[in-house]
2 protein chains.
Amino acid sequence: MKDQPVTIKDIASEVGMSVSSISRALSDHPHISEETKVKVRAAAEKLGYRYNALAAALRSSKSKTIGLIVPRISMPFQSAVITAIQNRLHTYGYNVMICQSNESPELEKKLVDLLLAIQVEGLIVSSTLYTKDYSVFDRSSLGGIPVVFYDRVPKDKACHKIVGDEFNGGYQVTKHLLEQGCRVIAHISGPLSCSIYQHRLSGYKEALNEFGVQYNEDLVFFHELNRENTLASCDELFKNEVVPDAVFACNDTAALTVIEYAGKNNISVPGDLKVSGYSNDNRVEISRPKITSVEQFPHLMGDGAAKLIMDLIQSTENNKSYISLTTSIELIKRESSLKV
Amino acid sequence: MKDQPVTIKDIASEVGMSVSSISRALSDHPHISEETKVKVRAAAEKLGYRYNALAAALRSSKSKTIGLIVPRISMPFQSAVITAIQNRLHTYGYNVMICQSNESPELEKKLVDLLLAIQVEGLIVSSTLYTKDYSVFDRSSLGGIPVVFYDRVPKDKACHKIVGDEFNGGYQVTKHLLEQGCRVIAHISGPLSCSIYQHRLSGYKEALNEFGVQYNEDLVFFHELNRENTLASCDELFKNEVVPDAVFACNDTAALTVIEYAGKNNISVPGDLKVSGYSNDNRVEISRPKITSVEQFPHLMGDGAAKLIMDLIQSTENNKSYISLTTSIELIKRESSLKV
DNA sequence: TATTGATCTGCAATCGTTTGCAGATACATA
DNA sequence: TATGTATCTGCAAACGATTGCAGATCAATA
């Protein structure tokens, strides 16, 4: 009974060869004959050998690991993206170290340090709502490893990224509500420090403009899209003499909250108030009425992010230029926004 | 400009000391004077030194990493547990490598290999619905690292584990339905290969027995709890002459599906049919009627699992005995199961 | 002065792989 | 026999930290 783990050294003495040949045999190096490979593999099996990826990573400086930083894994959109990334990277033989920033820029910074310490070969990041200082992601701070942002990407910084077509999403939702006859369309958005909300807002404005509707600041709210904040915004909205006939909420939680508020205040949806959410998570079909929302195809985004980071890792040339990809969105119309 | 990463060797030559002193200074070893520590830290900062956790892990055989294997991160219960585990382990200075088995026992086995290769110091596992062969988790196969199971735990194998009080959950739900006057209570369960469903079934039987209701095999279904299977079971249930007056579904997806089925077939819930789910995920409050369910306190379970694995790692004695923890559950009664 | 003890520092081996280079072997050809 | 070529194998130095042990320094005490 060994208590020390079995190493390639042990295999080497077992089969009477050098460690280098064992190493090469196990990694299927072309200079090793097929019969030795078979012999070596058999010996490894017999001794209960376990590959030490740490030692290999140290020597070859290839950890075969990608760091992933997300705000929270519990958001349906995020968990779908993560799963796609993970599955895709597995096919490349890469692991993913998933970290949650919990919407804290400080923690996010610490996580970068942590991931660099374990020698990840690349970083995939969806940043917090409040990240302003992206300097930790500069090439110089990262020691040369590539980073790909998705969804929540830096506003004013050139970088590799993959994002949904947020402008179009905002535009489509608003246009749809306008087409349903709405003219007082509130917009409950996340903080503008976050790029996606800026673009949706632009889409919203564009559609209003096209329909000749004046943009009204009193109808627009920017805050984290939880229940409390959204209820406060609803209070604000409905205390005025002129009340909205539609709400475009920037996620489904907010849309659900608006519907909850409407229910409690005898406002009929979609009769008196039409509502749209965003992200098309699994709750929109359960709600009564079912909620119009925007599908973001998280699987495509995750897949794209994973492919992109692998391209960057594998490309030898140091790419000066930044790649920016956009995934399409699709407005899914449901009861909450349709004419009765 | 260095292109090679800065190592403690570089710091050593910068400040004119040996690498061992640098190593000790940086890790705050007591044998190093405070002033040298300050000097060393300053030099490290100046040179842009980055700790190489891989090298340290190799030398000290302490990777400071725990492997986590879950069926899917997208289940609300799971993502809550994962977050709790991760937060807790971070306070111990440990990272978590999260892997998804995707309900495949084969993949699960591969993931164990992968995690062992990267030298995790412990494993936390919630197994697939179909895992029968737990031998990969034997002490001998694991090379001495501890493993803690949670929620989906081995049925017939002694192990460290933390589970919800499933028997009581099954009992409480059933008793509640009986108290509402129901006597034909269907049970839509997951496959019995999975321990939790066995225990809930036992609780179900116990409550029936207490109320003098005969257990009826025709009312009980075992399958993965997705929409398709659940709809099929509903068809089965309602084609008989004697139809159920309640359904105890073993997760909230199934409960939602039952309610969907009832809606389509003019069965009023809770008037004609009372329904309970399990897990109390965020959809049960959105559904109309709101759904009775069982809160499992995933945060407590994750926290407990994390603490337990750390105890096992830190305890020097090789513990012969296995620790089994149970977290409490709470039945949350809502409209779907209450007398009208 | 010699001894002790406390405090700090350095040497060098080690963790388990990978890999550039050189050497060995075998066989065919000149 | 000598040479070339193709194929395989081994040596030994990395990778960047940790750590047991021994040694150095210096002040305090006998």
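A, B, ... follow the sequence lines: proteins, then strands. Residue 1 opens every chain.
Note: CG (B:L58) to P (D:dG16) measures 12 Å, nearest angstrom. Look at NE2 on A:H31: it is 17 Å from P on C:dG23, rounded to the nearest Å. Atom CD of A:Q119 is separated from atom P of D:dA17 by 9 Å (rounded to the nearest Å). Here D:dC11 presents its P atom at 13 Å from CD1 of A:I8, a figure rounded to the nearest Å. Here D:dT18 presents its P atom at 11 Å from CD1 of B:I11, a figure rounded to the nearest Å. Atom CG of B:L54 is separated from atom P of D:dG16 by 11 Å (rounded to the nearest Å). Note: CZ (A:R24) to C1' (D:dA12) measures 12 Å, nearest angstrom. As rounded to whole Å, 14 Å separates atom P of D:dG16 from atom NZ of A:K62.
At a cut-off of 3.5 angstrom, the base of C:dG16 holds no donor-acceptor pair with the side chain of A:R50. Judged by atom type and distance alone, A:R59 reaches the base of C:dT18 through a side-chain donor-acceptor pair under 3.5 Å.
Between A:S23 and C:dT18 there is a side-chain polar atom (N or O) within less than 4.0 angstrom of OP1 or OP2. The side chain of B:T36 places an N or O atom within less than 4.0 Å of a non-bridging phosphate oxygen (OP1 or OP2) of C:dT9. Between B:S20 and C:dT9, a side-chain N or O to OP1/OP2 separation shorter than 4.0 Å is absent. Distances shown here put every side-chain N or O of B:S61 at or beyond 4.0 Å from the OP1 or OP2 atom of C:dC15. For the OP1/OP2 pair of C:dG10 and a distance below 4.0 Å, the side-chain nitrogens and oxygens of B:S18 include at least one atom meeting the criterion.
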May I have the step-by-step check of side-chain hydrogen bond (donor to acceptor under 3.5 Å, both in side chains) for B:Y94 and B:E121, ending in yes or no? CA-CA 10 Å; B:Y94 274 68; B:E121 291 182 50; 2.8 Å; yes

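Summarising the geometry, atom CD belonging to A:Q100 is positioned 8.0 Å from atom OG belonging to B:S79; distances are rounded to the nearest 0.5 Å.
Across every non-hydrogen atom of B:I309 and B:P146, the tightest pair is CD1-O, 3.6 Å.
A residue-by-residue look at A:Y49 and B:I22 shows that B:I22 has its nearest nucleotide of DNA chain C further toward the 5' end.
Side-chain atoms of B:T7 and B:Y49 include no donor-acceptor pair closer than 3.5 Å.
Residue A:Y51 places its side chain closer to C:dT17 than to any other of C:dT17, D:dC15, C:dC8.
A perpendicular orientation is assigned to the rings of A:F149 and A:F137, their planes being inclined by more than 60° (bins at 30° and 60°).
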